[in-house]
Protein chains: 2
Amino acid sequence: MTEKQTEQKILDAAREIFMRKGMHGAKMQEIADEAGINKALLHYYFRSKDKLFDRIFQEVFGQLFPKLQILVDATKSIEERVQIFVKEYMTVMQQNPFLPLFILHEIQRDPDSLHERFTSTGLQPEIVMQGMSASLDMTVDEVKMFLVNMLSLCIFPFAAKPLLSRILYAGDDKAYDSFLEERKLSVPEFILNSLKNQ
Amino acid sequence: MTEKQTEQKILDAAREIFMRKGMHGAKMQEIADEAGINKALLHYYFRSKDKLFDRIFQEVFGQLFPKLQILVDATKSIEERVQIFVKEYMTVMQQNPFLPLFILHEIQRDPDSLHERFTSTGLQPEIVMQGMSASLDMTVDEVKMFLVNMLSLCIFPFAAKPLLSRILYAGDDKAYDSFLEERKLSVPEFILNSLKNQ
DNA sequence: GTCTATAAAAGGATAGAC
DNA sequence: GTCTATCCTTTTATAGAC
C-alpha cells in the first residue's frame, strides 16, 4: 500500500542524482541509497535505468520549455513579458541548480530523443516562433537573435556557476548568488535597452 | 621509437572521445579504437583513465581561459578588444563544438580540481579581474556584469546547439551555423551598444 | 613498445524467499 | 511490495609473451 510513497521516493532520488551526475555518471546503487531502498526495488518499479532516466528527463524538460509561452501572451507589453520571463526562468534555476547543464548535456548525448520531448509537451517549436514573431512585432530572424540572447543571459550564468563563482568571487557561492539575484533586474534592462537603440 | 607518435595518437583520440561524451560516458575501449591501438597500451602510457582524463582536461581548459587576457590589453580600444575577443572565442568553439559543454560539465562534476587548473595556466582570476577593471575603466562590479554577459552570449549558443538548431531551424545545422557566424558581428554590437546607453 | 589473455571490479538486472 | 543473494555484462586494469 505504500506504493505511491515508494514510487515518489524513487523519483525524487532519481531526479536528484541524475541531475547532478547525468545519465552515465549516476549509478543505480546511489539512487537506491538516496531513496532509502535497494536496487532490486528500483527495477521492480521502473524495469531499467533507461526507463527511469527517460521518465525524469521528460519531467524536467517539460517544466522549462513551455515557459516560452509567456513571450507570446499578447495581453502584456513586451517589457512586461521579458521581465516576467526572465524572472520566472531564473527562479526555476535558482531552485534547481543542476537543471540547465543536465538538460544541455543529455540533449547533446542523445539529440534524437528531442523530437518526442517536444511533442510530449504539446508545443511545436515552429508555432511558438511564429507566435513570438507576430506578438513581438519582429521579423522571424530578429526573434531568433532576441531569443538566443535572452536565453544565453538567463541560463549560462547558472550552467557556469562553479566556474564563475570561482573567477568572479574567489569561490564565494553566497556572493555569486547575490550577483544572480541582481541579474533578474539587470538582464531585462539590458535586453530591452538593446531593442530600442538599434 | 614511435613513442611520440603513439602518445600523440592517444591524446588526439582521448580529446575527441572525452569531449564528446565526458569522463563517464567515454570508455577506454573506444579511445583505444579511435587511436588504432589496444587498451593495454593506453594504460602503458597513462596508467589510468583518471590520469588520461586529467591530462586532456588541463590541455583543453588552458586553451580557453587565457584568452581573457585580450580584454586587458590597453593598447587597443574597448571596442576593438570586445570585437577581437568575441571573434576569437567563437571561432575556437566553431572548431571544437563539444568544448563548452565539456568544460562546464566536468567542472561541475569535480569543482575542487579547478584550483590546480588555474594555477597551471599561470593566471590568477583576481589579477585578471583587476586588470580588466583598470583597463576598461569600470568598477569591479560593472566588469563582472559585463564579463558574464559577454561570456553568456558567446558560449551558450554553442553549448545549446543541438537544442537551439531544433527550435530555431527545425534541426537544420547548416542554417544554425550561419546564424552563429552572424553573431560574431552582432554580439559585439549588442554589448557595446549597451555600454553606451546605460 | 605493443600485443593477447585474463584478472578484478563495478554496475545493471533477475530469481526467489518472505 | 520489499528484501537478499546472485547472475551477467561491461569496463578498468594488469601479467606476461613477443
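It should be emphasised that the depicted structure is a prediction, and the values quoted were computed from it without experimental measurement. All chains are named by letter (A, B, ...) in the order of the sequence lines, taking the proteins before the strands, and each is independently numbered beginning at 1.
- In this view, A/F158 satisfies the ring pair (Phe, Tyr, Trp, His ring centres under 6.0 Å) rule with no residue, not counting sequence neighbours.
- In the set D/dG1, C/dT2, C/dC3, C/dT2 carries the atom at the smallest distance from any side-chain atom of B/Y45.
- A search for side-chain hydrogen bond (donor to acceptor under 3.5 Å, both in side chains) contacts involving A/N38 returns nothing, not counting sequence neighbours.
- Contact check, A/Y44 against D/dT2: no side-chain N or O comes under 4.0 Å of OP1 or OP2.
- Counting to the nearest Å, the P atom of C/dT4 and the CD1 atom of B/I37 are 12 Å from each other.
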Review item, nucleotides 11-13 of chain D N/O atoms under 3.5 Å of protein N/O:
from: D/dT12; atom 1: OP1; to: B/K49; atom 2: NZ; distance (Å): 3.0
from: D/dT12; atom 1: OP2; to: B/M28; atom 2: N; distance (Å): 3.0
from: D/dA13; atom 1: OP2; to: B/H43; atom 2: NE2; distance (Å): 3.2
from: D/dA13; atom 1: OP2; to: B/K49; atom 2: N; distance (Å): 2.9

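- In this entry the distance linking NZ of A/K51 with C1' of C/dA13 reads 12 Å, nearest Å.
- The CD1 atom of A/I10 sits 10 Å away from the P atom of D/dG1 (whole-angstrom rounding).
- As rounded to whole Å, 15 Å separates atom P of C/dA13 from atom CG of A/L41.
- Counting only distance, with no hydrogens or angles, the side chain of B/K161 and the backbone of B/F98 share no donor-acceptor pair below 3.5 Å.
- Between D/dT4 and A/N38, a contact under 4.0 Å exists linking OP1 or OP2 to a side-chain N or O.
- Atom CD1 in A/I31 sits roughly 12 Å away from atom P in C/dG11 (whole-Å rounding).
- Rounded to an integer number of Å, the gap from B/L42 CG to D/dT14 C1' is 14 Å.
- Applying the ring pair (Phe, Tyr, Trp, His ring centres under 6.0 Å) rule to pairs touching residues 109-141 of chain B yields B/F61-B/F118, B/F65-B/F118, sequence neighbours excluded.
- For A/T75, the side-chain hydrogen bond (donor to acceptor under 3.5 Å, both in side chains) test picks out A/D73, with sequence neighbours left out.
- Screening residues 13-40 of chain B for ring pair (Phe, Tyr, Trp, His ring centres under 6.0 Å), with sequence neighbours left out, gives B/F18-B/F53.
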